[in-house]
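Order of the sequence lines sets the chain letters (A, B, ...), proteins ahead of strands, with each chain counted from 1.
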Number of protein chains: 2
Amino acid sequence: MALGKDYATQECSIARALEVVGERWTLLVIRDALYGVRRYNDFLVHLGIPRAVLAARLQALTAEGILEKRRYQESPPRDEYVLTDRGIALWPTLRSLGLWGREHFGESRLRWFRHADCGTELGPYGECPRCAMIVPVPDVEMAPGPGLDRDPADPVSRALLAPRRLLEPLDTDPRRPVDGHPQEPEGGGRGPGGVADAASGSGRSAEGRPV
Amino acid sequence: MALGKDYATQECSIARALEVVGERWTLLVIRDALYGVRRYNDFLVHLGIPRAVLAARLQALTAEGILEKRRYQESPPRDEYVLTDRGIALWPTLRSLGLWGREHFGESRLRWFRHADCGTELGPYGECPRCAMIVPVPDVEMAPGPGLDRDPADPVSRALLAPRRLLEPLDTDPRRPVDGHPQEPEGGGRGPGGVADAASGSGRSAEGRPV
DNA sequence: ACACGTTGGTTCATTGACCGAACCCAGGTG
DNA sequence: CACCTGGGTTCGGTCAATGAACCAACGTGT
């Protein structure tokens, strides 16, 4: 990896982490993966990243055990890149970084993050203030804020406008069948409806509060 | 800044943040600043960063309001770079990133971070489990762990071996007069009553916040 | 007086990463 | 059989990073 030569002399977990995710685009790829992006082409159009760079990043992240490449259909062989636990564990870091960016450089709020179970907006550490717990990543619901463009050009941004849970597979092609939900085997009335389920919770939006 | 052209199209606070701190070396400079490094030469020898790159990073960080360049002596004019509140606010992000690096790629523990008031090790979000509060950055005490090299080559790493609070100015030159900051004799056992300084009390905005 | 060290830079040639565009290939589709 | 889509690889041009050298202001030793 590019940074290894120099960062290796740093005896520091931060430097070690940056060797893995510190290159350009890498954290944005992981962010997109948290948002549900899984396919090469979706990363490509959403990030506007050069193809060669994206291929290199996906390969490196797979080699580091942050993404997992897996085939989701055979007939025309198609692969998707899914976050592993190691990748999902970066959520607090990205949450923290995004919060810092908004507080110090953002003019208006672009996205809300709420606890899907109760609709309460997450605190700075990804906790639900009402439930007094750290919200598991699949239970974080993402919704567009007032500052977000309501009519983006690319289909991935368009698909991300609907309120949705983190990690929920993004479907930009309606013909593609939704393969069984990897997470949330929870029973309470929350069926494997995917996008439709998240949209049905839009009535809770009034409960969100600005920080 | 280098990444602005492409990241600007990303409507995302994470991308915004990465425009500011996403370039190579930048987060390591901020990490060192949190550890108490303040002088050009100390950054240089500790990071092993090319001089031109360090100068560019320090200038950019100063322009972004993350560092503040200030003169600490006149006779030979000498400047130091000190973290602003905006820079200190990156502590949770760096803490989170370092934790991820250690848990997933670190073989042994390199540093401890404790609540200086009670000696309890910090939790994953920078909180003190015993006091049930987010520990203000100047009250975080850093101590070397078992995996850290006990006899490093450069004087900055050597100075960082002593247990010390974050933001406490590092002094690699014993002749340098300490301006208003009580200086810690090396190797000293330390108690909760110690150092009460840390740069005009910045970073205490979250003091006592329950978690 | 004068050489030399320290701090904080700048300049410069070389290297390496990033960039966009073009090309490629396997497997459908009309 | 031409053409489209997904998922890449290849290739020249550009731009930033690198390390070494140079610079300048000030102090210190002799």
Can a donor-acceptor pair be found, under 3.5 Å and without considering hydrogens, that links the side chain of R164(A) to the backbone of Y35(A)?
yes
Would a distance-only check, ignoring hydrogens and angles, find a side-chain to backbone donor-acceptor pair under 3.5 Å from R102(A) to S13(B)?
no
Report each atom pair, protein N/O against N/O of nucleotides 1-5 of chain C, whose distance is under 3.5 angstrom.
none

Show the nearest heavy-atom pair for residues [X] and [Y], with the distance to one decimal.
{"X": "T26(A)", "Y": "V20(A)", "answer": "CG2-O, 4.0 Å"}
{"X": "L47(B)", "Y": "V29(B)", "answer": "CD1-CG2, 3.7 Å"}
{"X": "G147(B)", "Y": "E11(A)", "answer": "O-OE2, 3.6 Å"}
{"X": "C12(B)", "Y": "R111(A)", "answer": "CB-NH2, 4.5 Å"}

side-chain hydrogen bond (donor to acceptor under 3.5 Å, both in side chains) test vs H46(B) passes for just one of D154(B), N41(B), D32(B), namely D32(B)
Quick check on [N]: is either OP1 or OP2 less than 4.0 Å from any side-chain nitrogen or oxygen of [X]?
{"X": "R24(A)", "N": "dA16(D)", "value": "no"}
{"X": "N41(B)", "N": "dT7(C)", "value": "yes"}
{"X": "W25(A)", "N": "dC19(C)", "value": "yes"}
{"X": "Y81(B)", "N": "dG9(C)", "value": "yes"}

Are there any protein N/O atoms within less than 3.5 Å of an N/O atom in nucleotides 28-30 of chain C, and if so, which ones and at what distance?
| residue | atom | partner | partner atom | Å |
| --- | --- | --- | --- | --- |
| dG28(C) | OP1 | S75(A) | O | 3.1 |
| dG28(C) | OP1 | S75(A) | OG | 2.3 |
| dG28(C) | OP1 | P76(A) | N | 3.1 |
| dG28(C) | OP2 | S75(A) | O | 3.3 |

Quick one: do R70(A) and D79(A) make a salt bridge, cutoff under 4.0 Å?
no
Can a salt bridge be assigned to the pair E121(A) and R114(A) using a cut-off of 4.0 Å between side-chain N and carboxylate O?
no
What contact category does F43(A) fall into here, base, sugar-phosphate, or nothing, at under 4.0 angstrom with non-hydrogen atoms?
nothing
Under 4.0 Å from any atom of DNA chain D, heavy atoms only: list the residues of residues 50-57 of chain B that qualify, in numerical order.
P50(B), R51(B), V53(B), R57(B)
Determine whether the aromatic ring centres of W91(A) and F113(A) lie less than 6.0 Å apart.
yes
Side-chain contact test, heavy atoms from C-beta onward, threshold under 4.5 Å: evaluate it for M142(B) versus L160(B) and give yes or no.
yes
Within this structure, what is the CG-to-C1' distance between D79(A) and dA26(C), rounded to whole angstrom?
13 Å
